[in-house]
Engineer: 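Have a look at this one before I ask anything.
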Amino acid sequence: MDSPKLILLFSGKRKSGKDFVTSIIQQRLGGSSVCAILRLSGPLKEQYAKEHGLDFRRLLDASGYKEKFREDMIRWGEEKRNADPGYFCRLIVRDVPQPVWIVSDARRRSDVEWFRCRYQLQTRTVRVQASEESRRERGWVYTAGIDDAESECGLDQGVAFDWTISNDSDGPLLEEQLERVLRVVRDCLEL
Ligand SMILES: Nc1ncnc2c1ncn2[C@@H]1O[C@H](COP(=O)(O)OP(=O)(O)OP(=O)(O)O)[C@@H](O)[C@H]1O
Ligand SMILES: C[C@@](O)(CCOP(=O)(O)O)CC(=O)O
């Protein structure tokens, strides 16, 4: 098994900016040779797309396409997770040689527990927070059955995050907040 120096587990609500923020961090660390962005939803979407004849690439982007299938993808993924909570975690950590791993979409307590159990010393948690107004400006529409379900609310309580990043246009400067995280990563990499 590969042994990363640091794992940043990101979580946050829909359209809080998880992909946006994690991609900035990856760039600041020198790109994909140093830092891998791993998505628990990657293998889930890939397999779901195959089984349902969908466009996997479009399920990955930030457009409205994936939203048409979100509720059913959640149900499909939960079937797998109920049988084996570490199912997607194990898939994404295979053959990842980079020293820093960013998991951009932790959603459930079992995701956090899986990483903490296997990589206790390396794992840190980061919450991306954004107001409902900001999320709406980015295309979020409240949907019952999704926004009140475990997929969105599973980490609302019970995790003491190492960092919370506010990602609102009228909030604290994003760069300054990210610099605090980056300092720790660089120290750990001895950069
Ligand atoms: N600080 C920001 N400044 C400008 N645009 C932003 C910012 N944060 C997020 N966005 C934009 O908002 C949209 C949603 O962000 P992103 O895809 O990163 O959210 P997410 O939390 O990964 O969402 P989801 O889980 O719903 O896929 C994207 O188009 C992204 O570029
Ligand atoms: C089905 C699901 O993986 C979709 C995640 O999509 P995204 O991270 O919002 O792009 C959510 C879940 O696993 O509950």
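Whatever order the structure lists them in is the order used to number ligands and atoms, beginning at 1. This chain uses plain numbering: 1 for the first residue, then up along the sequence.
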Engineer: Checking a contact table here: which protein heavy atom is nearest atom 1 (N) of ligand 1, and how many Å away?
Structural biologist: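 The answer is N167 OD1, 2.7 Å.
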
Engineer: Which residue supplies the protein heavy atom nearest to atom 22 (O) of ligand 1, what is that atom called, and how far is it?
Structural biologist: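 For atom 22 (O) of ligand 1, the nearest protein heavy atom comes out as D19 N, 3.1 Å.
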
Engineer: Among K15, R70, R138, which residue places a heavy atom closest to atom 11 (C) of ligand 1?
Structural biologist: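 Of the listed residues, R138 has the closest heavy atom.
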
Engineer: Do S166 and D168 meet the criterion of a side-chain donor-acceptor pair at a distance under 3.5 Å?
Structural biologist: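 Their side chains do not contain a donor-acceptor pair, so the 3.5 Å distance test is not met.
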
Engineer: In terms of side-chain geometry, is the basic nitrogen of R70 or E67 positioned less than 4.0 Å from the acidic oxygen of its partner?
Structural biologist: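 Yes, charged N to carboxylate O under 4.0 Å.
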
Engineer: Please determine whether a side-chain nitrogen of the Lys or Arg among D156 and K13 lies less than 4.0 Å from a carboxylate oxygen of the Asp or Glu.
Structural biologist: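 Between K13 and D156 there is a salt bridge, with a charged N closer than 4.0 Å to a carboxylate O.
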
Engineer: With a 4.0 Å cut-off on N to O distance, would you call E46 and R39 a salt bridge?
Structural biologist: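 No.
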
Engineer: Using 30° and 60° as the class boundaries, would you call the ring planes of H52 and Y48 parallel, tilted or perpendicular?
Structural biologist: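 Rings of H52 and Y48: parallel, as their planes differ by under 30°.
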
Engineer: Which pairs of nitrogen or oxygen atoms, taken one from ligand 2 and one from the protein, are under 3.5 angstrom apart?
Structural biologist:
from: ligand 2; atom 1: 6 (O); to: K45; atom 2: NZ; distance (Å): 3.3
from: ligand 2; atom 1: 8 (O); to: R107; atom 2: NH2; distance (Å): 3.0
from: ligand 2; atom 1: 9 (O); to: R70; atom 2: NH1; distance (Å): 3.1
from: ligand 2; atom 1: 9 (O); to: R70; atom 2: NH2; distance (Å): 2.9
from: ligand 2; atom 1: 9 (O); to: R107; atom 2: NH2; distance (Å): 3.1
from: ligand 2; atom 1: 10 (O); to: K45; atom 2: NZ; distance (Å): 2.7
from: ligand 2; atom 1: 10 (O); to: K66; atom 2: NZ; distance (Å): 2.8
from: ligand 2; atom 1: 13 (O); to: R81; atom 2: NH1; distance (Å): 3.1
from: ligand 2; atom 1: 14 (O); to: R108; atom 2: NH1; distance (Å): 3.3
from: ligand 2; atom 1: 14 (O); to: R108; atom 2: NH2; distance (Å): 3.0
from: ligand 2; atom 1: 14 (O); to: S151; atom 2: OG; distance (Å): 2.8

Engineer: Distance to 0.1 Å, residue and atom name: give those for the protein heavy atom nearest to atom 5 (N) of ligand 1.
Structural biologist: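 Ranked first by proximity to atom 5 (N) of ligand 1 is F20 CE1, 3.8 Å.
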
Engineer: Regarding atom 29 (O) of ligand 1: of the candidates A130, S104, A62, G12, which has the closest heavy atom?
Structural biologist: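 When every heavy atom of A130, S104, A62, G12 is considered, A62 comes closest to atom 29 (O) of ligand 1.
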
Engineer: Specify side chain, backbone, both or neither for D105, according to which of its non-hydrogen atoms lie closer than 4.0 Å to ligand 1.
Structural biologist: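 The answer is neither; D105 stays 4.0 Å or more away.
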
Engineer: Can you check which of K66, K18, R14 brings a heavy atom nearest to atom 27 (O) of ligand 1?
Structural biologist: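 Answer by nearest heavy atom: K66.
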
Engineer: Between V159 and L155, which heavy-atom pair has the shortest distance, and what is it?
Structural biologist: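 Taking every non-hydrogen atom into account, CG2-CD2, 3.9 Å.
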
Engineer: Distance alone, cut at 3.5 Å: any donor-acceptor contact between the side chains of T123 and R116?
Structural biologist: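 No pair is found: no donor N or O on one side chain lies under 3.5 Å from an acceptor on the other.
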
Engineer: State, without any angle test, whether E51 and W76 hold a side-chain donor-acceptor pair at a distance under 3.5 Å.
Structural biologist: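 Per modelled atom types, E51 and W76 side chains form a pair under 3.5 Å.
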
Engineer: Do ligand 1 and L174 have nitrogen or oxygen atoms that lie under 3.5 Å from each other?
Structural biologist: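 Not met; the criterion fails.
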
Engineer: Mind checking whether Y119 and W101 have parallel, tilted or perpendicular rings, split at 30° and 60°?
Structural biologist: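 Perpendicular.
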
Engineer: Looking at atom 16 (P) of ligand 1, what's its closest protein heavy atom, distance included?
Structural biologist: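 Ranked first by proximity to atom 16 (P) of ligand 1 is G17 CA, 3.8 Å.
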
Engineer: What atoms of ligand 1 come within less than 4.0 Å of a heavy atom belonging to K13?
Structural biologist: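 By the 4.0 Å cutoff, the relevant atoms are 21 (O).
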
Engineer: Once rounded to the nearest 0.5 Å, what's the spacing between atom CG of L6 and atom CG of L189?
Structural biologist: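 It is 7.0 Å, given to the nearest 0.5 Å.
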
Engineer: Would you call E78 and R108 a salt bridge, taking side-chain N to carboxylate O under 4.0 Å as the test?
Structural biologist: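 Judged by the 4.0 Å cut-off on N to carboxylate O distance, E78 and R108 do form a salt bridge.
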
